[in-house]
Amino acid sequence: MKPFLLLATRAEDVPADEEYALFLRFTGLSEDQLVRMRLEASPLGPIDLDEWSGIFVGGGPFNASDRDEDKSDVQRRVEAEFRTLLDDVVARDFPFLGACYGVGTLGAHQGAVIDRTYREPISVIEIERTPEGAADPLLAALPDRFTAFVGHKEAITVLPPSATLLARGDACPVQMFRVGQNVYATQFHPELDVAGITTRIHAYADHGYFGADELHLTLAAVRRAPVTHTSSILRAFVERYAR
């Protein structure tokens, strides 16, 4: 089997390593089957898609809606690398699943309107499959309504014509979409469990996701309902595209 590629952008080692461990766990892949590249640490370089079964993108600190002058040199480099990669991915309809930062990468590449209209506090929310989502193989094992972990400073306000909406939320209308038949992005986090999101809450406590006096409320919010279905999306992606 050709390996899968995980593109990561977290600079903090603890949440970055835990993210990788969660992707390994929920995909069922071994470390030689899921190769991680940390883009915040070094340039991506050329990617030959023929060497891979598919590409995952993890979450990260970058916001596509930030003003260009407010972006770091690293963020601008990473965004340029994703634009180049996605030119090839979309043109070939190559298997791609961006979790969280997928909205900022694939959404921006396709011309979506991304802003802070539907920013989401860290919590567990209920998400609904659209009819197109119910027919999609990555969501086939999920019920029509399911819970998921969220927590974002930005979201898609307007999807481009190239995208098919697969899942939506009451407070944030675009939760998952597809471009072509094989290129996916989620707003929610299919790679997380309670322990994983707890790690991130502590790691990013001073990054503006919640107020300085809201730590305990935020920790409680991610325990308000069990999240049991979303990780199956990662396994379904592997089962569909492993080659």
Side-chain angles (χ1 to χ4, degrees), residues 1-42 44 47 49 51-62 78 81-82 85-86 89 94-106 122 124 127 136-139 141-142 146-152 166-167 175-178 182-204 222 226-243:
M1 185 189 83
K2 295 181 180 180
F4 287 81
L5 176 62
L6 172 62
L7 300 178
T9 59
R10 298 185 186 280
E12 300 81 10
D13 287 337
V14 171
D17 290 342
E18 188 167 52
E19 177 181 73
Y20 184 37
L22 286 165
F23 268 99
L24 291 170
R25 173 184 162 196
F26 289 133
T27 59
L29 297 171
S30 61
E31 290 189 13
D32 62 328
Q33 294 171 326
L34 181 62
V35 177
R36 178 178 61 160
M37 295 184 182
R38 293 184 64 173
L39 304 189
E40 88 292 342
S42 59
L44 176 60
I47 295 294
L49 297 182
E51 295 180 355
W52 305 94
S53 286
I55 297 172
F56 290 102
V57 176
F62 302 143
V78 169
E81 290 169 344
F82 269 116
L85 175 64
L86 284 166
V89 165
F94 185 81
F96 176 96
L97 175 55
C100 174
Y101 193 39
V103 164
T105 54
L106 181 59
I122 299 172
V124 174
I127 293 173
D136 189 276
L138 294 198
L139 295 174
L142 277 70
F146 58 92
T147 53
F149 294 112
V150 297
H152 306 92
L166 301 178
Q175 284 291 341
M176 183 174 182
F177 66 96
R178 186 187 70 230
N182 303 305
V183 183
Y184 295 87
T186 69
Q187 171 83 356
F188 61 88
H189 288 276
E191 83 287 3
L192 279 179
D193 59 10
V194 171
I197 198 167
T198 298
T199 295
R200 292 187 193 177
I201 289 169
H202 287 289
Y204 300 112
V222 299
V227 175
T228 57
H229 293 96
T230 51
S231 62
S232 69
I233 295 170
L234 304 183
R235 186 63 186 177
F237 186 85
V238 169
E239 291 174 351
R240 186 180 184 195
Y241 295 116
R243 58 193 176 99

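All residue numbers in this chain count up from 1 along the given sequence. Because the structure is a prediction, the values reported are computed rather than measured.
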Assess whether side-chain contact (heavy atoms from CB on, under 4.5 Å) is satisfied between I127 and T147, documenting all intermediate values.
CA-CA 6 Å; I127 293 173; T147 53; over 6 Å; no
Test log, rule side-chain contact (heavy atoms from CB on, under 4.5 Å), inputs D136 and R178:
CA-CA 9 Å; D136 189 276; R178 186 187 70 230; 2.6 Å; yes
Verdict with supporting geometry, L97 and T186, side-chain contact (heavy atoms from CB on, under 4.5 Å)
CA-CA 8 Å; L97 175 55; T186 69; 4.2 Å; yes
So F237 and T27, side-chain contact (heavy atoms from CB on, under 4.5 Å) or not? Walk me through it.
CA-CA 8 Å; F237 186 85; T27 59; over 6 Å; no
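Residues that satisfy the ring-ring contact (aromatic ring centres under 6.0 Å, His included) test with Y204, not counting sequence neighbours, are H207. Scanning for side chain to side chain contact (heavy atoms under 4.5 Å, CB included) contacts around T198 gives V194, H202, L219, R223, with sequence neighbours left out. Every side chain to side chain contact (heavy atoms under 4.5 Å, CB included) that E81 has, sequence neighbours left out, goes to L39, P43, L44, R77, V78. When the side chain to side chain contact (heavy atoms under 4.5 Å, CB included) test is applied to S30, the partners found at least two apart in sequence or on another chain are D32, Q33.
Of all heavy-atom pairs between E51 and P3, the closest is O-CD, 3.7 Å. Smallest separation of non-hydrogen atoms from Y101 and G58: CB-O, 3.3 Å. Heavy atoms only, all atoms of each residue included: A203 and P15 are closest at CB-CG, 3.8 Å. Taking both residues in full, the closest heavy atoms of R36 and A16 are given as NH1-O, 3.2 Å, listed atom of the first, atom of the second, then distance. Taking every heavy atom of both residues into account, F96 and G98 meet most closely at CE2-N, 3.7 Å. Scanning all heavy atoms of the two residues, the minimum distance from F4 to V238 falls at CZ-CA, 3.8 Å.
Rounding to the nearest 0.5 angstrom, the gap separating the CG atom in L138 from the CG atom in L166 is 8.0 Å. Here the SG-CZ distance, from C100 to F62, works out to 12.0 Å after rounding to the nearest 0.5 Å. Considering NE2 of H152 and CD of Q187, their distance stands at 4.5 Å, rounded to 0.5 Å. Distance CD1/I233 to NE2/H189: 12.5 Å, rounded to 0.5 Å. In this structure, L6 CG and I55 CD1 are separated by 10.5 Å, a value rounded to the nearest 0.5 Å. The line from CZ of R240 to CZ of R235 is 15.5 Å long, rounded to the nearest 0.5 Å.
Between the side chains of E40 and T9, no donor-acceptor pair is found at a separation under 3.5 Å.
The stretch residues 13-35 participates, sequence neighbours left out, in these ring-ring contact (aromatic ring centres under 6.0 Å, His included) pairs: F23-F56. Identified under the salt bridge (charged side-chain N to carboxylate O under 4.0 Å, His left out) test for residues 187-197, with sequence neighbours left out: R25-D193, E191-R200.
Between L85 and L7, some side-chain heavy-atom pair lies under the 4.5 Å cut-off. With a 4.5 Å cut-off on side-chain heavy atoms, N182 and F94 do not count as touching. Looking only at side-chain heavy atoms (C-beta outward), T199 and E12 stay at 4.5 Å or farther from each other. Inter-residue side-chain proximity for V222 and I201 is flagged as met; some heavy-atom pair is nearer than 4.5 Å. For the pair V57/F82, a side-chain contact is recorded, criterion being any heavy-atom separation below 4.5 Å from C-beta on. Put simply, the side chain of W52 does not reach to within 4.5 Å of the side chain of K2, judged on heavy atoms.
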